[in-house]
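All heavy atoms count here, side chains included; hydrogens, waters and symmetry mates do not.
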Amino acid sequence: MKEKVVLAYSGGLDTTALIPWLKETFNYDVVCCCINCGQGNELDGLDERAKLSGASKLYIEDIVDEFCDEYIMPCVEAGAVYEHQYLLGTSMARPAIAKKLVEIARKENAVAICHGATGKGNDQIRFELGIKALAPDIKIIAPWRMTDVWTMQSREDELAYCQAHGINLPFDARHSYSRDRNLWHISHEGLELEDPSQAPNYDDMLVLSVTPQKAPDKETEITMTFEEGIPKTLNGKAMKVSEIITELNRLGGENGIGIVDIVENRVVGMKSRGVYETPGGTILMAAHDQLEELTLDRDTMEAKKKLGSQFAQVVYEGKWFTPLREAIQAFVESTQKYVTGEVKLKLYKGNIIKAGTTSPYSLYNESLASFTTGDMYDHHDADGFITLFGLPLKVRAMKLLEVEQNKNNK
């Protein structure tokens with residue numbers, strides 16, 4: 001019996017060409033595994049295409065809810081944003097996919113897992129760190145790094161290879177944007193984006209959104225409720241997290257929300273430019289932040305901000321299955337106990353505008369915050385506070401003045 005390899009299969013040209021290549025190069029029995037994280041119609045026709053290409057079996061695993069509940073929401077709660085702009089859409093999905101690939105490999109008694117990530121990107125790291133953490137005994141095959149046996153360098157090469165093996169596919173060799181899509185976002189790389197001096201061609205590029213200029217001339221009002229950091233309702237309707245994100249994607253996309261053009265620092269050491277569409281995620285994170293403004297104290301917010309940045313880097317670098325990620329997430333979860341309440345927002349031409357927030361655990365006290373003197377705050381108390389708070393500054397200034405005077409007296 002042939003040994004089995006589980007192939008992370010998207011149905012695109014790259015992973016389709018990998019099926020006959022794995023059979024020919026290693027004499028493997030190829031089991032394809034497509035992980036549905038919310039790619040939409042990209043999953044259409046995969047079964048027929050995989051079998052046409054020589055796969056012995058195809059798994060299509062729907063993990064949309066797991067992806068939302070166990071990967072997206074911890075990042076939302078942490079306020080995890082990489083380099084101030086990237087909401088980690090691809091980064092969050094890769095460990096979820098790696099986990100499922102390992103499960104299928106165990107089920108099939110496979111000796112190897114193969115992925116089609118390139119040798120220049122972050123995804124090779126994310127996939128392989130996930131697999132190593134969960135299944136250190138399973139071999140990993142990364143064809144794009146195996147230049148001695150993987151000789152294809154272009155879409156034309158891959159098409160010719162497939163045709164030579166009797167596989168005629170509905171692809172052409174026309175170069176287009178490199179995209180990655182899931183329920184949280186869609187990313188775009190390539191073409192004019194490879195030149196940072198060029199503006200993105202949004203008319204040809206955008207999939208989930210319109211530009212702010214093309215958004216409606218009237219605002220869209222939304223109301224969300226949260227319980228312990230988790231969104232529960234949208235516009236009065238109770239929904240699962242995945243359903244809320246889906247609807248927010250529609251509303252955000254219509255209003256030009258969440259389009260980011262960024263030059264980011266990849267883990268492998270190079271800078272890379274991409275455009276991300278994250279309409280629903282941008283709204284969800286803004287709403288969550290808005291509620292935390294009311295419910296978290298100053299010291300907790302400061303600590304959470306620092307750890308949120310570190311959490312983003314951990315996720316970006318593919319270190320999901322690590323003690324550090326678990327420890328930071330445990331801290332974040334402890335902060336969410338009172339992040340409960342209602343958030344109102346207005347969406348208008350790329351902008352998210354606050355429209356009111358309420359929480360039974362709000363730390364905002366109108367008596368304290370008012371310019372009028374209330375029972376809880378005596379203005380005279382600030383005298384002693386400022387004296388002590390500013391004491392180090394005053395002592396230092398006095399010492400510097402003393403030294404300067406001594407110099408002048410010499």
Side-chain angles (χ1 to χ4, degrees), residues 1-37 39 42-63 66 93-119 121 123-171 318 321:
M1 182 179 292
K2 291 183 179 180
E3 291 183 326
K4 293 181 181 180
V5 59
V6 170
L7 171 62
Y9 184 63
S10 68
L13 179 57
D14 289 344
T15 54
T16 299
L18 278 173
I19 297 173
W21 181 83
L22 287 166
K23 295 175 68 177
E24 185 176 79
T25 306
F26 299 102
N27 196 32
Y28 278 141
D29 182 5
V30 181
V31 176
C32 289
C33 185
C34 178
I35 314 300
N36 177 18
C37 296
Q39 296 94 304
E42 292 181 10
L43 302 178
D44 295 345
L46 288 193
D47 189 48
E48 181 180 355
R49 190 176 306 157
K51 290 179 180 178
L52 175 69
S53 305
S56 64
K57 188 181 294 186
L58 170 67
Y59 286 88
I60 298 180
E61 299 290 302
D62 186 339
I63 64 166
E66 179 183 343
R94 295 313 186 225
I97 293 171
K99 181 182 177 184
K100 187 57 66 172
L101 290 173
V102 168
E103 290 178 9
I104 298 301
R106 294 297 191 206
K107 181 178 180 180
E108 291 287 335
N109 294 314
V111 299
I113 293 174
C114 177
H115 66 78
T118 72
D123 282 342
Q124 58 182 338
I125 300 169
R126 296 163 182 156
F127 281 134
E128 295 184 33
L129 262 60
I131 295 167
K132 289 176 187 294
L134 300 173
D137 57 308
I138 292 181
K139 181 180 178 180
I140 299 171
I141 300 176
W144 283 97
R145 301 203 304 265
M146 303 169 68
T147 53
D148 54 334
V149 288
W150 176 266
T151 58
M152 290 172 275
Q153 299 297 316
S154 66
R155 290 177 64 85
E156 288 86 355
D157 290 345
E158 291 173 323
L159 281 169
Y161 180 82
C162 288
Q163 290 169 358
H165 288 76
I167 305 168
N168 296 308
L169 298 171
F171 302 123
F321 301 107

Q: Please name the pair of heavy atoms, one in A98 and one in F127, separated by the smallest distance, quoted to 0.1 Å.
A: CB-O, 4.0 Å
Q | Nearest-0.5 Å distance that lies between atom CG in L101 and atom CG in L134 | A | 10.5 Å
Q. Any side-chain heavy-atom pair from W21 and V149 closer than 4.5 angstrom?
A. yes
Q) Salt bridge check: are R145 and E128 linked by an N-O gap of less than 4.0 Å? A) yes
Q) Salt-bridged, K100 to E103, with N to O below 4.0 Å? A) yes
Q: Say whether, by atom type as modelled, one donor and one acceptor occur between the side chain of Q124 and the main chain of G119 under 3.5 angstrom.
A: yes
Q. Does E48 CD have over 12 foreign heavy atoms under 6.0 Å away?
A. no
Q) Side chains of S53 and T16: do they bring a donor and an acceptor to under 3.5 Å? A) no
Q: Taking all non-hydrogen atoms of both residues into account, name the closest pair between T118 and W144 and its distance.
A: CA-CB, 3.9 Å
(Q) Contact between F26 and V5 at the side-chain level, heavy atoms closer than 4.5 Å - yes or no? (A) no
Q.
Could you measure the distance from the SG atom of C32 to the CD1 atom of I104? Nearest 0.5 Å is fine.
A. 12.0 Å
Q: State, yes or no, whether a side-chain contact exists between I140 and K132 at a heavy-atom distance under 4.5 Å.
A: yes
**Q.** Least distance between heavy atoms, R106 atom then A135 atom
**A.** NH2-CB, 3.5 Å
Q: Kindly give the heavy-atom pair with the smallest separation between Y161 and A17, and that separation in Å.
A: CE2-O, 3.7 Å
Q. Measuring from L52:CG to H165:NE2, what's the distance to the nearest 0.5 Å?
A. 13.0 Å
Q.
I'd like to know whether N27 forms a side chain to side chain contact (heavy atoms under 4.5 Å, CB included) with K2, so could you lay out the CA-CA distance, the side-chain angles of the two residues, the decisive distance to 0.1 Å, and finally the verdict.
A. CA-CA 7 Å; N27 196 32; K2 291 183 179 180; 3.3 Å; yes
Q: Would you please test Y9 and I19 for side chain to side chain contact (heavy atoms under 4.5 Å, CB included) and show each step?
A: CA-CA 9 Å; Y9 184 63; I19 297 173; 3.8 Å; yes
Q) Quick one: are D123 and R126 in side-chain contact, heavy atoms under 4.5 Å? A) yes
**Q.** Distance in Å, C37 SG paired with E61 CD, rounded so as to fall on 0.5 Å steps
**A.** 11.0 Å
**Q.** Which atom of L129 lies closest to which atom of G318, heavy atoms considered
**A.** CB-O, 3.4 Å
(Q) Does any part of the side chain of V31, heavy atoms only, come nearer than 4.5 Å to the side chain of K57, both counted from C-beta? (A) yes
Q. Distance from I113 atom CD1 to I138 atom CD1, nearest 0.5 Å?
A. 4.5 Å
Q.
side chain to side chain contact (heavy atoms under 4.5 Å, CB included), that's the test. Do L58 and K51 meet it? Break it down for me.
A. CA-CA 8 Å; L58 170 67; K51 290 179 180 178; 5.9 Å; no
Q. Which heavy atom in S10 sits nearest to a heavy atom in L46, and how many Å separate them?
A. O-CD2, 3.6 Å
Q.
Just verifying a value: how many Å separate S56 OG and K23 NZ, rounded to the nearest 0.5 Å?
A. 8.0 Å
Q) Can you check side chain to side chain contact (heavy atoms under 4.5 Å, CB included) on M146 and I141, steps first, answer last? A) CA-CA 8 Å; M146 303 169 68; I141 300 176; 3.7 Å; yes
